[in-house]
Structures are given as structure tokens and as C-alpha cells.
Amino acid sequence: MIAIIRKGTEEEKIISVSDMLAESGFTVNRFKNDGTDILSVEGETDMLACFDIVEKVIDVRERCRLSSRADHPDSTVIDIGGVKIGDGSFAFIAGPCSVESEEQIITIARAVKNAGAVMLRGGAFKPRTSPYSFQGIGEQGLKLLSAAKKETGLPTVSEITDISLIEYYEDVDMLQVGARNMQNFELLRELGKTDKYILLKRGFSATVDELLMSAEYIMAGGNSKVILCERGIRTFENSARNTFDVSSIAVLKNRTHLPVIADPSHAAGLASFVRPLTFAACAAGADGAMIEVHNDPVHALCDGIQAITPEEFESAVRVSANIRKAVSEG
């Protein structure tokens, strides 16, 4: 951190502040630039802004040390049972918003695998805006997700809402941190202690910096198996459920080595918008997309309005392959 000292400050005061910082355990270096005294302080501290001799504090730290591409220039490839995300391909994770029954989840799992999905998604514990909405079928949903995994061989991803539920997720390959929990720091810390793959979604009103700092919480705990997900943010625009921030994909790919995928279903909120947003994410350089697919959207117990059919999903996979090919050749 850099402290710009006010011009005309007495030498004794500068020495006093330097000594105080040193006594607090910080390494302090002093130099001049065009006659202005500057203190360079190694470490994180809010003390600098408290001294009246300091005119301005400049934070030059790389706050996201573990997720930053600055110290890790090569892109990280996440390998989940042979499924690779971040290797240059466009990976599809697909399945229903919520697991409803064994017949439903296995039917959808077979369909999305045949269409090109490499992972199966399905919610069991569902945090909903309204307490009166369908909340998922809990532990039974995870058991049915495991049955679909056994039937198709697809690795699975499901949202975890509380670390106390972790014992139920033993057979789930990737744990999803939803938008509402992106800054649930206690949950992030605990997930950092696990050996599970983590899919971290961007919060409704979170900045890119805040998303990266949330990833840092997980990685600082020792778990580097993190995938980031852009799922749309809340803006003044209300023509869709959320505003799909496609620019964040390009920004994240520039700033972090972690894989970045998109969730066009939650960004769109309407099935008719899902395919075009998927194509936009693919063209922007995303490493994949997580899409809600249901064999009977009209009767879905959760978010049927934004679920596409297996046939529509197959079309999205096919067109995305052409887009990725065109972008890579360009």
C-alpha cells in the first residue's frame, strides 16, 4: 500500500508514523517522487488513512492473490471424472431446476446426455424468494440425482445452502453456491476446507471484484477447484428476469485463471431467451453454460417458464459448437 504524504509535513511526524507502522509489524520503505514524500507499506492495513499527514492512500495490492491471472497466467482446467472445463471447449451442464421424481430426473438425464451435456444439474434443497414456493425434496432429491448419475454416467452438480447439509452431498461431484449465498462467508470458508468441486455463482448485485473475492475465500481455505458462473445481475431493466452481463465473461477471462461459465436460464427467466444468451456467452469466450432443461416444462414444480425442452437443448449444443469453431478460427 502506498501513502502519499502531504507537502510541508514536518520530518518528525513522518518519522513518527513510519516508526508506529514498523512497531505494528509492517515493513515500511520511504522514498520521494517530485519532492513528495511517499511511504510504501507491505501488508494490509487501514491505519494509513487515519494519519492526518497522509493525503492519499493507494492500494496496489493484488487482493485476489489465488484467483488472479497475474500470478497464474495459464488457465486452470477443472477435471471432474474425465469431464474437462476450461480446456478451450464449451461444456454444457444441463438438467431440471429441481429433482421431482426418479422418472423425471432419469428421463431428462438420458436426454441431455444424448444431446451433448457433460454434467447433470438438479436442485434438491431449493432456496426460494417466497417461503410458500416449492423448496425441493431435500435428501431424497440427492438420492435420485445419484440414481440418474449411475444410470447415465454424468457427473452431477447441485446447490448447497448450508454447510450442515454437507453429509448428504457425498455422491454429488460439484457443489453449487447460489447467488443468494455468494457472500455467505462462513459457508465459503467451510467449502474451502472440503475436497469438492465448487460452482460459485455471481450475486444479483455483486461486482466482478466481489465475485472474485468470494472465490478467494474458498481458495484461501485450501480448495482451488472453483468454477465461476455469470447468471445475470439486477438492474433497472425489467424486460428479462435479470440483465445478462456478457461483458463480465470477457473481464473474468482476462483477470482470473479459473474457468468461467454462464447460466442463461436464470439470466433470461424465459425459455425463449435462453438459446440466444447461450450463444452470446459462447462467443464471449465462456468455458461452458449451465442450462435448465425439462421434459415437461408446463408441469415443472420449479421455474418451468425458463426451462427449455431436450430438443431445444440439442439445438443449442449444435449451434454453440459452430459458434465456438468460428470464434477460434477468427
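- Val118 and Met290 fall within a single hydrophobic cluster, where Ile, Leu, Val, Met, Phe, Trp and Tyr are joined by side-chain heavy atoms under 4.5 Å apart, directly or via other members.
- The residues Glu55 and Arg6 are annotated as not salt-bridged, no charged nitrogen and carboxylate oxygen being separated by less than 4.0 angstrom.
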Steps toward side-chain contact (heavy atoms from CB on, under 4.5 Å) verdict (Leu188, Leu200):
CA-CA 9 Å; Leu188 300 180; Leu200 179 64; 4.2 Å; yes
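- For Gly178 against Glu159, the heavy-atom pair with the smallest separation is CA-OE2, 3.4 Å.
- The minimum heavy-atom distance between Ala280 and Val246, with the atom names listed, is O-CG2, 3.8 Å.
- In summary, Lys126 and Glu100 do not engage in a salt bridge, as defined by a charged side-chain N under 4.0 Å from a carboxylate O.
- Looking at Asn223, its side chain does come within 3.5 Å of a backbone N or O of Lys196 through a donor-acceptor pair.
- Two residues are said to be in side-chain contact when any heavy atoms from C-beta on lie closer than 4.5 Å; Leu199 and Ile261 meet this criterion.
- Judged purely by atom type and a 3.5 angstrom limit, His266 has no side-chain atom pairing as donor or acceptor with the backbone of Ala268.
- Between Ser40 and Phe31 the shortest side-chain heavy-atom distance falls below 4.5 Å.
- With rounding to the nearest 0.5 Å, the separation of CG in Leu66 from CG in Leu212 is 11.5 Å.
- Take Gln140 and apply the side chain to side chain donor-acceptor pair (under 3.5 Å) test, not counting sequence neighbours, and it matches no residue.
- Ring geometry for Phe92 versus Phe313: interplanar angle over 60°, hence perpendicular rather than tilted (30 to 60°).
- Residues Asn254 and Arg69 fail the side-chain proximity criterion, which asks for heavy atoms closer than 4.5 Å.
- Annotation: side chain of Thr36 is in contact with side chain of Lys7 (closest heavy-atom distance under 4.5 Å).
- The backbone N or O of Ser98 lies less than 3.5 Å from a partner atom in the side chain of Gln104, making a donor-acceptor pair.
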Using the rule given for side-chain hydrogen bond (donor to acceptor under 3.5 Å, both in side chains), can you reason through Asp209 versus Thr207, listing the C-alpha separation, both sets of side-chain angles and the distance that settles it, and then say yes or no?
CA-CA 5 Å; Asp209 280 336; Thr207 65; 5.1 Å; no
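- Sorted by first then second residue, the ring-ring contact (aromatic ring centres under 6.0 Å, His included) pairs that include residues 209-239, not counting sequence neighbours, are Phe185-Tyr217.
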Please evaluate residues Val41 and Met47 with respect to the criterion side-chain contact (heavy atoms from CB on, under 4.5 Å), reporting the C-alpha separation (whole Å), side-chain torsions for both, the decisive distance (0.1 Å), and the verdict.
CA-CA 11 Å; Val41 181; Met47 292 174 62; over 6 Å; no
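- Look at Lys143 and Asp171 and you find no salt bridge, because none of the NZ, NE, NH1 or NH2 atoms lies under 4.0 Å from a carboxylate O.
- Considering all non-hydrogen atoms of both residues, Gly203 and Ile233 come closest at O-CG2, 3.9 Å.
- Between the CG atom in Asn184 and the CZ atom in Arg189 there is a gap of 10.0 Å [rounded to 0.5 Å].
- Annotation: side chain of Ser320 is in contact with side chain of Thr278 (closest heavy-atom distance under 4.5 Å).
- Open room surrounds CD1 on Ile305; 12 or fewer heavy atoms of other groups in view lie less than 6.0 Å from it.
- Taken to the nearest 0.5 Å, the CZ atom of Phe244 stands 8.5 Å off from the CG atom of Asp263.
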Steps toward side-chain hydrogen bond (donor to acceptor under 3.5 Å, both in side chains) verdict (Ser265, Gln306)
CA-CA 6 Å; Ser265 300; Gln306 65 194 36; 5.4 Å; no
Given side-chain hydrogen bond (donor to acceptor under 3.5 Å, both in side chains), test Glu230 with Ser248 step by step and report yes or no.
CA-CA 7 Å; Glu230 167 58 49; Ser248 74; 2.8 Å; yes
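- No continuous path of hydrophobic side-chain contacts links Leu120 to Met174 [ILVMFWY only; heavy atoms under 4.5 Å].
- Phe90 is not connected to Ile323 by any chain of hydrophobic side-chain contacts under 4.5 Å among Ile, Leu, Val, Met, Phe, Trp and Tyr, and they are in different clusters.
- For the pair Lys225/Ile198, no side-chain contact is recorded, criterion being any heavy-atom separation below 4.5 Å from C-beta on.
- Heavy-atom minimum distance, Ala109 versus Ala148: CB-CB, 4.0 Å.
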For side-chain contact (heavy atoms from CB on, under 4.5 Å), just list the numbers for Gln183 and Ser214, CA-CA rounded to whole Å, side-chain angles, deciding distance to a tenth of an Å, and then say yes or no.
CA-CA 6 Å; Gln183 289 186 314; Ser214 289; 4.0 Å; yes
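- The main-chain N or O of Leu142 is found under 3.5 Å from a side-chain atom of Ser146 such that the two form a donor-acceptor pair.
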Under the side-chain contact (heavy atoms from CB on, under 4.5 Å) criterion, do Val157 and Ile80 qualify, and how do the steps go?
CA-CA 11 Å; Val157 54; Ile80 308 172; over 6 Å; no
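- Using a 4.5 Å heavy-atom cutoff, the side chains of Val112 and Leu154 are in contact.
- With rounding to the nearest 0.5 Å, the separation of NZ in Lys32 from CD1 in Ile5 is 10.0 Å.
- Nearest heavy-atom pair, Pro310 versus Ala111, reported as atom, atom and distance to 0.1 Å: CB-CB, 3.8 Å.
- With rounding to the nearest 0.5 angstrom, the CG atom of Leu191 is 6.0 Å from the CD1 atom of Ile160.
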Test Thr235 against Glu237 for side-chain hydrogen bond (donor to acceptor under 3.5 Å, both in side chains), laying out the working first.
CA-CA 5 Å; Thr235 69; Glu237 180 56 64; over 6 Å; no
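- Note on Val57: it clusters hydrophobically with Met20, by side-chain heavy-atom contacts below 4.5 Å among ILVMFWY residues.
- Side chain of Arg324 to backbone of Ser328: no donor-acceptor contact under 3.5 angstrom is found.
- Considering Val77, Ile227, Leu228, Ile85 as possible partners of Asp287, the one that fulfils the side chain to side chain contact (heavy atoms under 4.5 Å, CB included) test is Ile85.
- Between the CZ atom in Arg121 and the OG1 atom in Thr156 there is a gap of 12.0 Å [rounded to 0.5 Å].
- When side chains are defined from C-beta on, Thr152 counts as touching Arg110, because their heavy atoms get closer than 4.5 Å.
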Is there a salt bridge (charged side-chain N to carboxylate O under 4.0 Å, His left out) between Arg241 and Asp303? Walk through the geometry before answering.
CA-CA 11 Å; Arg241 182 175 180 180; Asp303 284 348; 3.5 Å; yes
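- Counting heavy atoms of neighbouring residues, nucleotides and ligands inside a 6.0 Å radius, atom CD of Glu103 does not exceed 12 of them.
- Taking a cutoff of 4.0 Å between a charged side-chain nitrogen and a carboxylate oxygen, Glu312 and Arg275 do not qualify as a salt bridge.
- Here the shortest heavy-atom pairing between Ala215 and Val226 reads CB-CG1, 4.4 Å.
- No continuous path of ILVMFWY side-chain contacts below 4.5 Å connects Leu175 to Tyr197, so the two sit in separate hydrophobic clusters.
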